[in-house]
**Student:** 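One structure, as structure tokens, below. Some questions next.
Predicted model, so just to flag it, every value in this text is computed and none were measured.
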Amino acid sequence: MALDLSTIRGVVLDMDGVLWRGQEVIPGAPEFISFLRARGIPYGLATNNSSKSVADYVTRCESLGIAVNPEGVITSGVVTADELARHYPAGTPIYVVGSPRLSELLTERGYLIDPQTAQVVVVGLDVNITYEKLTFALRRLLAGAEFIGTNGDVSIPQPDGLAPGAGSIIAALQVSSGRTARLMGKPQPTMFHSALERIGCEAHEALMIGDRLDTDIFGAQTVGFKTALVLTGVSQRADVGMVTPDAIYDDLFTLHAAWNS
């Protein structure tokens, strides 16, 4: 392992597979967060899921004994809203293919949902996707609207197996429109830059802790983060190859112990 934890000045953690699995907290997760707080090390929680609000995640964390400030929760929906704000003023008409939470987040920022005049089409996970929604989105894209995707995850894990993710919906619109979406979530740099703004340190001082090599680890490395893979989620030691984290830990409990040693 090539990771000197004493140099870390800020931490970003994935949630599902790192802090919890399904409805259960992963042992050692609350204690690790308490350790970061005691050390005064700022941290953020980053997820590609745009179908839940920041408040949803704060409530979830609190129910599992994990302390977090709302400002430290970074969803692909939040990153999308931040990116829109950089380029489009409040009042700009948009069209959203996504969850009610994503639509609420963007309208709270002052954007107007109008399928007839939308200048931006935002696409995220929509478990109630319809042909009509795809048609509205396609026609605005063909009219020249900007195409933004919350994340490119083509599938998402469910208790009974995989289900289509936001990336599958985005792919349908890319094929039909001939346009390529600009993606916000991991492994794109946009999410990691947003995380750095929130934790207030430079990339080389930050540690990304994740359970997926292809999104968490690869994306963080492209921005200059140090990286740690925990084996409580998707990727395992046998998957390490072209993407190699700086360190691998069984879980947050063992990472915590290593940081204390």
Side-chain angles (χ1 to χ4, degrees), residues 1 3 5 8 11-36 43-52 56-58 60-61 63-68 72-77 79 125 150-168 183-188 191-192 195 206-223 225-259:
M1 296 185 184
L3 179 59
L5 292 165
I8 300 303
V11 175
V12 180
L13 304 96
D14 184 33
M15 289 188 259
D16 194 15
V18 176
L19 298 175
W20 56 70
R21 280 189 301 259
Q23 300 303 312
E24 300 297 326
V25 66
I26 293 174
E31 292 80 4
F32 181 71
I33 296 299
S34 295
F35 162 77
L36 294 177
Y43 60 92
L45 309 181
T47 177
N48 272 357
N49 192 341
S50 65
S51 65
K52 295 182 179 179
D56 291 333
Y57 279 110
V58 170
R60 178 79 189 281
C61 287
S63 73
L64 297 175
I66 296 169
V68 61
V73 177
I74 310 145
T75 72
S76 62
V79 175
L125 179 63
T150 59
N151 69 87
D153 294 350
V154 296
S155 62
I156 55 175
Q158 301 283 6
D160 55 349
L162 291 178
S168 294
L183 300 176
M184 299 291 107
K186 299 173 289 185
Q188 304 303 317
M191 175 167 276
F192 296 98
L207 175 66
M208 177 69 207
I209 305 171
D211 71 306
R212 295 187 66 127
L213 290 165
D214 58 341
T215 55
D216 302 323
I217 304 305
F218 174 72
Q221 287 178 340
T222 63
V223 176
F225 280 61
K226 301 294 190 301
T227 58
L229 175 71
V230 289
L231 305 177
T232 45
V234 175
S235 299
Q236 299 300 308
R237 291 182 191 274
D239 300 318
V240 174
M242 292 185 65
V243 178
T244 302
D246 294 298
I248 302 173
Y249 300 96
D250 290 336
D251 48 29
L252 288 179
F253 180 83
T254 55
L255 194 165
H256 185 181
W259 209 325

**Student:** Hey, does H256 have a side-chain heavy atom less than 4.5 Å from the side chain of I33?
**Tutor:** no
**Student:** Take atom CZ in F35; do more than 12 heavy atoms of anything else shown fall under 6.0 Å from it?
**Tutor:**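 Counting neighbours around CZ of F35, more than 12 heavy atoms of other residues, nucleotides or ligands fall under 6.0 Å, so yes.
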**Student:** Can you give me the closest heavy-atom contact between R60 and Q23, atom names plus distance?
**Tutor:** NH2-CA, 3.5 Å
**Student:** Find the distance between CZ (F225) and CG (L207) and round it off to the nearest 0.5 Å.
**Tutor:** 9.0 Å
**Student:** To the closest 0.5 Å, what do you measure between CG (L252) and CD (E31)?
**Tutor:** 9.5 Å
**Student:** Kindly compute the distance separating CG (L36) from CG (L13), expressed to the nearest 0.5 Å.
**Tutor:** 7.0 Å
**Student:** Could you tell me which non-hydrogen atom of Q221 sits nearest to which non-hydrogen atom of T244, and how far apart they are?
**Tutor:**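 For Q221 and T244, the tightest heavy-atom pair comes out as NE2-O, 2.7 Å.
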**Student:** With the side chain counted from C-beta on, respond yes when D214 and V243 share a heavy-atom pair under 4.5 Å apart, and no when they do not.
**Tutor:**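 No; the side chains remain at least 4.5 Å from each other.
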**Student:** So T75 and S50, do their side chains get closer than 4.5 Å, heavy atoms only?
**Tutor:**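 Heavy-atom side-chain distance check fails, nothing below 4.5 Å.
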**Student:** Can you check whether L45 reaches Y57 side chain to side chain, under 4.5 Å on heavy atoms?
**Tutor:**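 A side-chain contact under 4.5 Å is absent here.
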**Student:** Contact between V68 and V73 at the side-chain level, heavy atoms closer than 4.5 Å - yes or no?
**Tutor:** yes
**Student:** Check the pair L231, L229 against side chain to side chain contact (heavy atoms under 4.5 Å, CB included), reporting the backbone distance first and the verdict last.
**Tutor:** CA-CA 7 Å; L231 305 177; L229 175 71; 3.9 Å; yes
**Student:** So, does D246 use its side chain to make a donor-acceptor pair with the main chain of T227 at under 3.5 Å?
**Tutor:**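 Side chain of D246 to backbone of T227: a pair is present.
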**Student:** Please check this pair: side chain of D211 against backbone of V234, looking for a donor-acceptor N/O pair closer than 3.5 Å.
**Tutor:** yes
**Student:** Test of understanding: with side-chain hydrogen bond (donor to acceptor under 3.5 Å, both in side chains), list the residues that count as partners of S51, not counting sequence neighbours.
**Tutor:** N49
**Student:** Quick one: which of V79, N48, I74 gives a side-chain contact (heavy atoms from CB on, under 4.5 Å) with K186?
**Tutor:**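 In the set V79, N48, I74, the residue that makes a side-chain contact (heavy atoms from CB on, under 4.5 Å) with K186 is N48.
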**Student:** Looking only at heavy atoms, which two atoms of G28 and F253 are closest? And how far apart?
**Tutor:** CA-CB, 4.3 Å
**Student:** To the nearest 0.5 Å, tell me how far E24 CD sits from L19 CG.
**Tutor:**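 Here the interatomic distance stands at 14.0 Å.
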**Student:** Would you name the heavy atoms of P30 and V25 that are closest together and state the gap between them?
**Tutor:** CD-CG2, 3.8 Å
**Student:** Considering only heavy atoms from C-beta outward, does the side chain of F192 approach that of V12 to under 4.5 Å?
**Tutor:**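 Not touching, per the 4.5 Å side-chain cut-off.
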**Student:** Is the closest side-chain heavy-atom distance between T150 and L125 below 4.5 Å?
**Tutor:** no
**Student:** For the CD1 atom of I217 and the NZ atom of K226, what is their distance to the nearest 0.5 Å?
**Tutor:**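 Taking CD1 in I217 and NZ in K226, the distance rounds to 13.5 Å.
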**Student:** Does T232 use its side chain to pair, donor to acceptor, with the backbone of G17 at less than 3.5 Å?
**Tutor:** yes
**Student:** Would you please name every residue forming a salt bridge (charged side-chain N to carboxylate O under 4.0 Å, His left out) with D153, sequence neighbours left out?
**Tutor:**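 Result, salt bridge (charged side-chain N to carboxylate O under 4.0 Å, His left out) vs D153: none returned.
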**Student:** Is any side-chain heavy atom of I26 closer than 4.5 Å to a side-chain heavy atom of V18?
**Tutor:**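 Heavy-atom side-chain distance check fails, nothing below 4.5 Å.
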**Student:** Looking at every non-hydrogen atom in both residues, tell me the closest pair between S235 and L213 and how far apart they are.
**Tutor:**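 In this case the closest contact between S235 and L213 is OG-N, 3.0 Å.
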**Student:** Nearest 0.5 Å, please: how far is CG in D14 from CD1 in I209?
**Tutor:** 10.5 Å
**Student:** If every non-hydrogen atom of A67 is compared with every non-hydrogen atom of Y43, which pair is closest and at what distance?
**Tutor:**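 Minimum heavy-atom separation between A67 and Y43: O-OH, 2.6 Å.
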**Student:** With sequence neighbours excluded, tell me which residues meet side-chain hydrogen bond (donor to acceptor under 3.5 Å, both in side chains) with D239.
**Tutor:**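 Per chain and number, D239 pairs via side-chain hydrogen bond (donor to acceptor under 3.5 Å, both in side chains) with no residue.
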